Amino acid sequence: MSSTTVALSDLIAALGGDLLGGSDIRIAAIAPLDEADEHSICFLANPRYQAQLATTRAACVIVAPTLAEAAANRGSSGGAAIVTPEPYLYFARLTQWWAARTRPAAQAGVHASAVVSPDAELGEGVEIGPLAVIEAGAVIGDGARIGAHCVIERDAIVGEGTRLAPRVVLGYGCRIGARGIVHSGVVIGADGFGFAPSKQGYVKIEQLGNVTIGDDVEIGANTCIDRGALSDTVIEDGVKLDNLIQIAHNVRIGRNTAMAGCGAIAGSTTVGANCTIGGAANIIGHLNIVDGVHITACTLVTRDITQPGAYSGAYPFEENSSWQKNAATLRQLHSLRERVRALEKK
Amino acid sequence: MSSTTVALSDLIAALGGDLLGGSDIRIAAIAPLDEADEHSICFLANPRYQAQLATTRAACVIVAPTLAEAAANRGSSGGAAIVTPEPYLYFARLTQWWAARTRPAAQAGVHASAVVSPDAELGEGVEIGPLAVIEAGAVIGDGARIGAHCVIERDAIVGEGTRLAPRVVLGYGCRIGARGIVHSGVVIGADGFGFAPSKQGYVKIEQLGNVTIGDDVEIGANTCIDRGALSDTVIEDGVKLDNLIQIAHNVRIGRNTAMAGCGAIAGSTTVGANCTIGGAANIIGHLNIVDGVHITACTLVTRDITQPGAYSGAYPFEENSSWQKNAATLRQLHSLRERVRALEKK
Amino acid sequence: MSSTTVALSDLIAALGGDLLGGSDIRIAAIAPLDEADEHSICFLANPRYQAQLATTRAACVIVAPTLAEAAANRGSSGGAAIVTPEPYLYFARLTQWWAARTRPAAQAGVHASAVVSPDAELGEGVEIGPLAVIEAGAVIGDGARIGAHCVIERDAIVGEGTRLAPRVVLGYGCRIGARGIVHSGVVIGADGFGFAPSKQGYVKIEQLGNVTIGDDVEIGANTCIDRGALSDTVIEDGVKLDNLIQIAHNVRIGRNTAMAGCGAIAGSTTVGANCTIGGAANIIGHLNIVDGVHITACTLVTRDITQPGAYSGAYPFEENSSWQKNAATLRQLHSLRERVRALEKK
């Protein structure tokens, strides 16, 4: 809430880094280089944008050692620079420090309008927001924050320091570890999609597993993670999921894998650690993807991936009239190859 | 609620248009031409459907001047017609007039079960639904309607006459202008998806910007609009977003652009004014799309678009066995081209 | 809640089947064959996995008659087997029986925190969860369960025995039949996406229809079904929709059709009975798809389908560098065909 300024020297004291010039400069905002004013601090991580150093009005720029001189001697004003081996990481920590300074602190306690079972277990310093529902057997770890309108069903577990934004459902028996962040609209523990066909139509397979989520996991708005059919759906430590993602029953996602918005992983597929999955990419069920795989946006993965690397499968867009011709021809591609083969045989 | 009929003369008095015949006819429903009965009013905007005039049982048909005679002399009953230069637009206004007649009026006041901070500011004639949460510093404009279970976080602003359906989250510091409509499940102001990689895993970049939404914007169910990293995500006046759309941090969408369901726009991309984006189309991050661009369904846009026009990139579907052959050949397309080149050189 | 064991003889008494061996065996869990221990019951429906019979530790395996002998004589312990013509269907019924044994029974009654209009009609044995909102004119059928934070708007109807998970919105005038299951975050009855263009921007077409959903329908988390423009959007009996699906206004989905997650059906399209639609598949508007059509994942359907069968249209994924070459060549496919034609003419 405070918009008061902060001295660069205080910032350095908190976050480290070597300050070149201007320890008396006061900062009012973090800004992109090209939108900065004389009260802004910026970062420059990609050498491609080095030219912006000459024109930025920023009071201070965070740079790597190789750009220290250029940053310190920039423009006419010659503002300050913070030199650090990893400017982008420094920037990330700066945003955290900034948010802690400016956002309201947690309000430990249970809002009077919340509906909390006497058989739920609340840790120290827990914050339960207005109109949240905490059922019997639920366990809320120390320092966790449960937003307004959340529903924590029976026997579900929220780890220490984890923060649920307003309106999250954590289904019965599901658990999330420590220091997690779950955004609004997330549904953890809805039934997986399982039916046995019969002459009378589909017969539901009750989903008897849970969802197990590790520590340091972030889950974006309106994302869904279904409970397992028999055993659990598992999200390992450090996984980051963006908005509107679908994780089906019995999927396992390995440590530190990140997935951009709108994609889906179908049932029983295992994705390794340290993977990245682009926006709107989909992986069909019962596959195995090894560690270190990078799938680009809008790709559909239909087979196991056994080697680390980058994989793609999006149709290349173009002007509509050109696409119409090429797409129509694509329907004859196999016969076109046969025609080439015939020509080669002549 | 009312299902009483309305006289065509009253309808004309409210909405204009030239009435041919039957001012004493009473209307009970608006219907499609092919489902109409003798108490229905219909519109005919597309001359392709002109043949339906001969068979429709509709009491009255809304048509353009070129079809006035055909409409007035249709069938045996020779029902009424309303002649207007833009029949589809007239139909739209008719639906609005009809809804205002038949739906319950807003119930100004704060429901007893809502949790409203004494430090929130409520305009004249505001309706706050059951179990809604309005935090400190929030401002609700005159005549706005906040549905059941909505959460308006601290310092968020809702413009005059804007209507939030049940269960909308408007995050702290975010704002939406006047006359907006936001459907259930929408999340405005969840964190953008930003992390700095480090040896210890991803480090969160706190998202310090907000979301700024203009006037006359409609947002479909379960759509997400993330807050900006440093500056704001911006949705300009008149934008229409369908359901289950993902708008990432620092996107800007220009005036009167419409986007069908299930698509996504990745971080920092700018889309111009008067664009249309088809269903499930995706645009990657950091791009610039000019005004007047039309992107068809399921297209992935991977480069700037600098010229107005239509762009496409969906794979053409076909019978599965044929698709299998063509798709397999597609994996050899580059070498097929080399083979053609070799043949040409002979 | 109970984790006590159950005798195989009790299970057979409830569900039928022929038991080979071990009627005194007690079961503690249902498990996959390869995760089973000596207290587990498993099923084997796909003969491909028959080899697992030799190694599984399961106490009992559900099999078809053709595998009865192999199952009864498996391994060293020679555990029990249940023989039944349709093992997968038997397994489905077993999960239902198991869930009924182990999950808390419905708590008939209205939670004190719910906001229920005196003009709503509640059937026998109804359960209304904490903080649910039931508006005037709503009808809740006998034995229905309305979860926490649900909103049942005016004149909406919930059929007998239908279960709504926490946080479902059923819009005014919409109805769902008997024995349905609706997962968290579902929005039924938001406005369809309809606007008339005008010089002043888009003019809203008020959506005056409702949503009509049949019996035995299951709807996954965060799925949206929009209300019709004039007449209703219709979901017929036995339809199963997974998570994060978009069903636009005036769509009709026929009996026993199942649709995997993240797909969309655009406005006014009719899909027949007994179809399957793969994950992230999309169907554009105003189409007609006959009964018995199977659409594979990520396909975009752009034309009517008049014959039953399987249809596909996903781009085949591959290693990124190979994709780059092939996708670039795809933009020249039409001219490549012209070159082949020219070679053929020589």
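Predicted model only: the values in this text are computed from it and were never measured. Numbered from 1 within each chain, the chains take letters A, B, ... in sequence-line order. All heavy atoms count here, side chains included; hydrogens, waters and symmetry mates do not.
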Residue part contacting chain B, namely of [X], when any heavy atom lies under 4.5 Å:
| X | value |
| --- | --- |
| S184(A) | both |
| L89(A) | both |
| E35(A) | side chain |
| L343(A) | both |
| A327(A) | both |
| S40(A) | neither |
| R337(A) | both |
| R341(A) | both |
| L94(A) | neither |

When heavy-atom pairs shorter than 4.5 Å are enumerated against chain A, which of [options] gives the highest number?
| options | result |
| --- | --- |
| L131(B), T299(B), N282(B) | L131(B) |
| G194(B), G192(B), C224(B) | C224(B) |
| A248(B), A196(B), S312(B) | S312(B) |
| T296(B), L208(B), I295(B), V340(B) | L208(B) |
| A342(B), G185(B), G173(B) | G185(B) |
| C262(B), S322(B), A310(B) | A310(B) |

Looking only at heavy atoms, what is the nearest atom pair of [X] and [Y], with distance?
| X | Y | value |
| --- | --- | --- |
| A297(A) | L300(B) | O-CD2, 3.8 Å |
| Y202(B) | G238(A) | CD1-O, 4.3 Å |
| Y315(B) | Y315(A) | CA-CD1, 3.7 Å |

Please rank [options] by heavy-atom pairs under 4.5 Å with chain B and give me the top one.
| options | answer |
| --- | --- |
| N222(A), I30(A), L241(A) | N222(A) |
| L330(A), D237(A), I181(A) | L330(A) |
| L336(A), N326(A), N243(A), N274(A) | N243(A) |
| E318(A), E319(A), R331(A) | R331(A) |

R167(B) side, atom CZ; R167(A) side, atom CZ - distance, nearest 0.5 Å: 5.5 Å
Straight-line distance of K325(B) NZ to E338(A) CD, nearest 0.5 Å: 8.5 Å
Identify each donor-acceptor pair in which a side-chain atom of residues 214-221 of chain A lies under 3.5 Å from a protein atom, sequence neighbours left out, and give them as a table.
| from | atom 1 | to | atom 2 | distance (Å) |
| --- | --- | --- | --- | --- |
| D215(A) | OD1 | A178(A) | N | 2.7 |
| D216(A) | OD1 | R179(A) | NE | 2.8 |
| D216(A) | OD2 | R179(A) | NH2 | 3.1 |
| E218(A) | OE1 | K204(B) | NZ | 3.2 |
| E218(A) | OE2 | H183(A) | NE2 | 2.9 |
| E218(A) | OE2 | K204(B) | NZ | 2.9 |

Under 4.5 Å from a heavy atom of chain A, the part of Q332(B) involved: side chain
